[in-house]
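What's counted below: heavy atoms across the whole structure, side chains too, no hydrogens, waters or symmetry copies. For clarity, every value in this text was computed on a predicted model and none was experimentally measured. Each chain gets a letter, A, B and so on, in the order its sequence line appears, and its residues count up from 1.
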Amino acid sequence: MILRMSTMFLRTLRDDPVDAEVPSHRLLVRAGYIRRAAPGGYTWLPLGLRTLNRVETIIRQEMDAIGAQEVHFPAMLPREPYEISGRWTDYGPNLFRLQDRRGVDYLLGPTHEEMFTLLVKDLYSSYKDLPLWLYQIQTKFRDEARPRAGLLRGREFLMKDSYSFDIDQDGLQRSYDAHRAAYLRTFDRLGLPYDVVSAMSGAMGGSASEEFLFPCESGEDTFVSCSKCDYAANTEAVRVGEPAKIDYSGFAAAVVHETPATPTIATLVDLFNSRADLKRSDRAWHSGDTLKNVIVNLRHPDGRIEPLAVGVPGDRDVDLKRLEAQVAPAEIFDFTDEDFAKNKNLVKGYIGPTALGEKNVSSIRFLLDRSIAIGSAWITGANATGRHVASLVYGRDFSCDGVVDAADVRDGDPCPKCGSKLQIRRGIEIGHVFQLGRKYAETLGLTVLDQNGKTQVVTMGSYGIGVSRAVAAIAEANHDELGLKWPTAVSPADVHIVIAGKPGDETAGAGEKLAEELSAKQMTVILDDRKGVSPGVRFKDAELIGTPRIVIAGRGVATGVVEVRNRRAGTVSEVALANAAEFVAKMPAT
RNA sequence: CGGGGAGUGGCGCAGUUGGUAGCGUGCCUGGUUUGGGACCAGGAGGCCGGGGGUUCAAGUCCCCCCUCCCCGACCA
């Protein structure tokens with residue numbers, strides 16, 4: 001088909017919109033693909049909608065290819081299922097809620113686990129019906145605190161979500177593997193580079209979970225990948241190796257020192273290095289020799305508040321995200337000065353492990369970072385203002401109530417799998433595969449009868465791809481200073497023909513004819529047939545819009561040739577007009 | 001929600017001690033141009049984010065709210 005620039009609903013912008021920072025947002029607005037319509041909500045213009053549809057089609061084809069079946073739920077959902085699963089409250093302010101004229105509660109679906117579970121419960125009741133894979137491509141709503149970066153984080157976005165239903169864990173594993181493989185194929189076809197990283201299953205009660213991250217500076221997710229082996233994980237999910245025990249038999253006994261005015265790690269280390277009686281002979285003390293004890297508050301789902309102490313090496317911070325992922329479903333919030341005032345056994349700035357722990361004076365649960373070895377000696381608080389203790393040995397002088405991964409992960413930390421250096425990277429989550437297990441099936445009562453006539457709770461998996469986000473990610477991965485340069489598979493058109501001659505000359509006729517020929521070959525053609533627009537504008541617009549192939553019907557037409565450009569490779573070929581359609585149609589997809 | 005910046009024709013911006021709202025681009029008309037965002041002339045287009053106040057007079061000063069962008073918190 002032919003899309004005529006003279007009539008297409010399109011206006012490209014000469015200047016960058018000032019409120020758009022990331023390249024995908026800037027270029028998609030400037031090239032006339034999307035317009036902002038609401039905070040975190042975008043209107044798809046004809047060009048943008050074409051690309052969105054093509055992305056959708058590829059995803060749909062790959063889902064259909066593994067045997068998943070498409071359904072479609074309403075976006076506006078009743079409260080009850082979410083009430084049963086607990087997410088009506090768990091989702092908190094992130095859920096868009098509304099009421100009908102009688103005051104009955106509804107929500108705009110942020111994700112549809114409950115609805116899929118109930119749908120299968122409604123129709124199926126036998127193991128013979130399983131496995132079953134269902135999916136939908138649906139607008140999702142989340143009241144994000146801060147929508148940003150155009151399509152990358154909106155409050156309304158398009159998502160493909162699928163769900164697998166199996167009789168047991170082996171079945172779930174097969175479903176999971178099939179989806180994972182389909183995702184690899186999908187992202188390859190979309191022309192999106194990705195890293196598959198281990199993610200936290202957290203409160204969801206599942207086991208395996210992996211995210212597909214598009215590595216990108218403007219990404220919001222931090223992950224690590226090993227420089228040598230294939231290990232990659234979301235920072236929350238990184239598990240450092242257990243350290244070897246240290247033989248402390250020759251270590252000095254713990255001794256308390258007067259350390260006035262040392263409320264911070266830095267002041268403490270300075271003091272130890274500056275006093276002759278505390279100085280180390282072999283090297284200077286550094287912050288990693290100190291044990292930092294941080295107190296946070298946990299809010300459990302039942303509303304119970306519990307203080308929690310976490311010990312990490314003094315040269316590291318507690319990564320609250322990592323910690324929260326491990327204490328989930330509890331949430332973390334600040335332990336305030338008021339809380340300190342109520343706990344007389346805690347001396348702010350001088351907290352030490354001997355006061356911590358369920359069996360000690362504070363009776364506050366005390367968790368140690370996994371990196372801390374049994375037998376290691378520490379400088380740490382002595383639970384009195386202006387006092388610290390040195391040579392306090394873990395396993396000899398103090399203990400803890402458990403081990404946790406709480407310290408922040410840094411660039412260069414050892415890989416838990418092979419010991420090589422980890423790299424910290426950023427990415428955009430474009431897909432997520434997740435073994436849900438029985439959580440939803442159990443709470444919503446999805447069971448089937450097995451071969452023995454016994455009731456079995458169904459085991460589920462859920463699998464998501466951010467469709468509108470993928471469009472933005474593809475734009476992030478495929479642009480230059482001139483504009484977009486789409487992969488062939490998702491470009492809004494296959495070829496863009498620029499008529500660059502003088503009005504009334506033969507270039508317009510040549511462009512029209514070529515457009516007809518390409519259209520007859522089932523290609524989608526953008527034809528710049530606008531009147532009175534200078535060639536410079538046409539070139540700029542073609543490059544901004546970014547179809548992978550651009551044909552210039554200009555001064556060469558007089559001698560029977562057109563210029564065929566490969567926007568992605570940056571190459572140019574002169575082709576005889578008579579062969580042009582054939583040539584363009586045979587250009588390899590990129 | 002915390003910190004920082006900003007809201008003035010579609011887009012990018014200026015607007016002085018408070019005194020009739022401007023420029024560039026885009027759009028319309030006519031003419032000249034036509035291989036890298038052309039030129040001339042004439043036009044249309046504004047609740048100056050919203051609401052209160054101060055004042056003879058508010059884009060400009062004061063108060064409240066909303067929205068957008070950046071950093072952080074949050075993010076099945």
Side-chain angles (χ1 to χ4, degrees), chain A residues 10-22 25-26 29-30 32 35-36 38-41 82 85-87 90-95 109-114 116 140-150 152-155 157 159 161 163 199-206 209 211 218 220-222 234 236 319-321 324-325 328-329 331-334 428-429 432-434 436 439-440 460 462-464 466 469 482-483 498-505 507-508 530-544 550 552-558 562-563 565 572:
Chain A
L10 169 72
R11 186 107 303 146
T12 58
L13 303 179
R14 186 174 288 231
D15 301 307
D16 283 334
V18 71
D19 59 354
E21 196 80 7
V22 300
H25 186 196
R26 197 159 37 79
V29 171
R30 193 147 91 84
R35 296 290 293 175
R36 196 185 80 92
Y82 288 77
S85 71
R87 294 211 289 189
D90 286 353
Y91 248 103
N94 286 329
L95 200 59
T111 173
H112 282 68
E113 279 82 0
E114 287 85 349
F116 273 86
K140 306 288 188 183
F141 298 86
R142 293 180 199 173
D143 190 354
E144 297 286 350
R146 182 156 83 89
R148 56 177 292 269
L152 285 177
R153 174 164 296 277
R155 298 163 109 183
F157 54 95
M159 186 171 187
D161 50 327
Y163 303 86
M200 277 305 291
S201 35
M204 305 295 292
S209 167
E211 287 176 0
S218 50
E220 309 183 283
D221 291 326
T222 311
N234 208 309
E236 285 107 285
D319 183 331
L320 292 177
K321 268 183 164 176
E324 191 155 47
E331 287 173 22
I332 293 175
F333 66 101
D334 285 349
I428 296 168
E429 182 184 346
H432 197 161
V433 290
F434 194 86
L436 277 178
K439 176 185 155 113
Y440 289 95
M460 292 171 56
S462 78
Y463 317 90
R469 180 182 277 184
L482 294 171
V498 170
I499 295 170
K502 296 181 171 62
D505 71 11
T507 55
R530 293 174 293 182
K531 307 285 181 224
V533 175
S534 70
V537 172
R538 297 177 198 266
F539 291 136
K540 291 286 185 200
D541 277 347
E543 282 147 356
L544 181 60
I550 297 172
I552 316 293
R555 56 191 169 209
V557 171
V562 291
E563 196 177 309
R565 298 185 183 181
V572 181

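Look at CG on A:D541: it is 13 Å from P on B:G37, rounded to the nearest Å. Taking atom CG on A:D221 and atom P on B:C75, their separation rounds to 12 Å, with Å as the unit. Look at CZ on A:R14: it is 8 Å from C1' on B:G26, rounded to the nearest Å. Look at CD on A:E563: it is 11 Å from C1' on B:G36, rounded to the nearest Å. In this structure, the NZ atom of A:K540 is 17 Å from the C1' atom of B:C11, given to the nearest Å. Taking atom CG on A:L10 and atom P on B:G26, their separation rounds to 15 Å, with Å as the unit. Distance A:R530 CZ to B:G37 C1': 11 Å, rounded to the nearest Å. Rounded to whole Å, the distance from CG on A:L544 to P on B:G36 is 18 Å.
A:T12 places none of its side-chain heavy atoms less than 4.5 Å from the side chain of A:R30. Side-chain contact between A:K531 and A:P503: absent, with no pair of heavy atoms (C-beta onward) separated by less than 4.5 Å. No side-chain heavy atom of A:S462 sits less than 4.5 Å from a side-chain heavy atom of A:D161. Counting heavy atoms from C-beta outward, A:R565 and A:E543 have side chains that approach closer than 4.5 Å. Side-chain contact between A:I552 and A:F539 is present, with heavy atoms from C-beta onward closer than 4.5 Å.
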Between protein and nucleotides 68-73 of chain B, map the contacts as a letter string: B base, S sugar-phosphate only, - none, heavy atoms under 4.0 Å, written 5' to 3'. SSBBBB
Base-pair string, RNA chain B, Watson-Crick plus G-U, cut-off 3.5 Å on both distances, | for inter-strand, is (((((((..((((.....[..)))).((((((.....)))))).....(((((..]....))))))))))))....
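For A:R565 and B:G36, a side-chain-to-base donor-acceptor distance below 3.5 Å is present, hydrogens and geometry of angles not being considered. With hydrogens and angles ignored, no donor-acceptor pair under 3.5 angstrom links the side chain of A:R30 to the base of B:G10. With hydrogens and angles ignored, no donor-acceptor pair closer than 3.5 Å exists between the side chain of A:D16 and the base of B:G12. No hydrogens or angles were tested; on distance alone, a donor-acceptor pair under 3.5 Å links the side chain of A:R153 to the base of B:C75.
Here the NE2-CG distance, from A:H25 to A:L152, works out to 9.5 Å after rounding to the nearest 0.5 Å. Taking CD1 of A:I550 as the reference point, atom CD of A:E563 lies at 10.0 Å (rounded to 0.5 Å). To the nearest 0.5 Å, atoms OH (A:Y82) and CD (A:E114) are separated by 4.5 Å.
Rounded to the nearest Å, the gap between the C1' atom of B:U54 and that of B:G7 is 23 Å. To the nearest whole angstrom, the two P atoms, one in B:U16 and one in B:A58, are 16 Å apart. Taking atom P on both nucleotides, B:U60 is separated from B:G42 by 33 Å, rounded to a whole Å. Straight-line distance between the P atoms of B:G37 and B:G2: roughly 49 Å, to the nearest whole Å.
Summary of the strand contacts: A:N94 and A:E543 both lie near RNA chain B, and taking for each the nucleotide with the nearest heavy atom, the more 5' one is attributed to A:E543. For A:P17 and A:I552, each mapped to the nucleotide of RNA chain B holding its nearest heavy atom, the one lying further toward the 5' end belongs to A:P17.
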Kindly indicate, with the supporting measurements, whether the criterion salt bridge (charged side-chain N to carboxylate O under 4.0 Å, His left out) is fulfilled by A:K439 and A:E113. CA-CA 10 Å; A:K439 176 185 155 113; A:E113 279 82 0; over 6 Å; no
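Picking from B:G35, B:G37, B:G24 the nucleotide with the shortest atom distance to the side chain of A:D15 gives B:G24.
OP1 and OP2 of B:U34 both lie 4.0 Å or more from every side-chain N or O belonging to A:S534. Dashed line: the shortest gap from a side-chain N or O of A:R555 to OP1 or OP2 of B:G35 is not under 4.0 Å.
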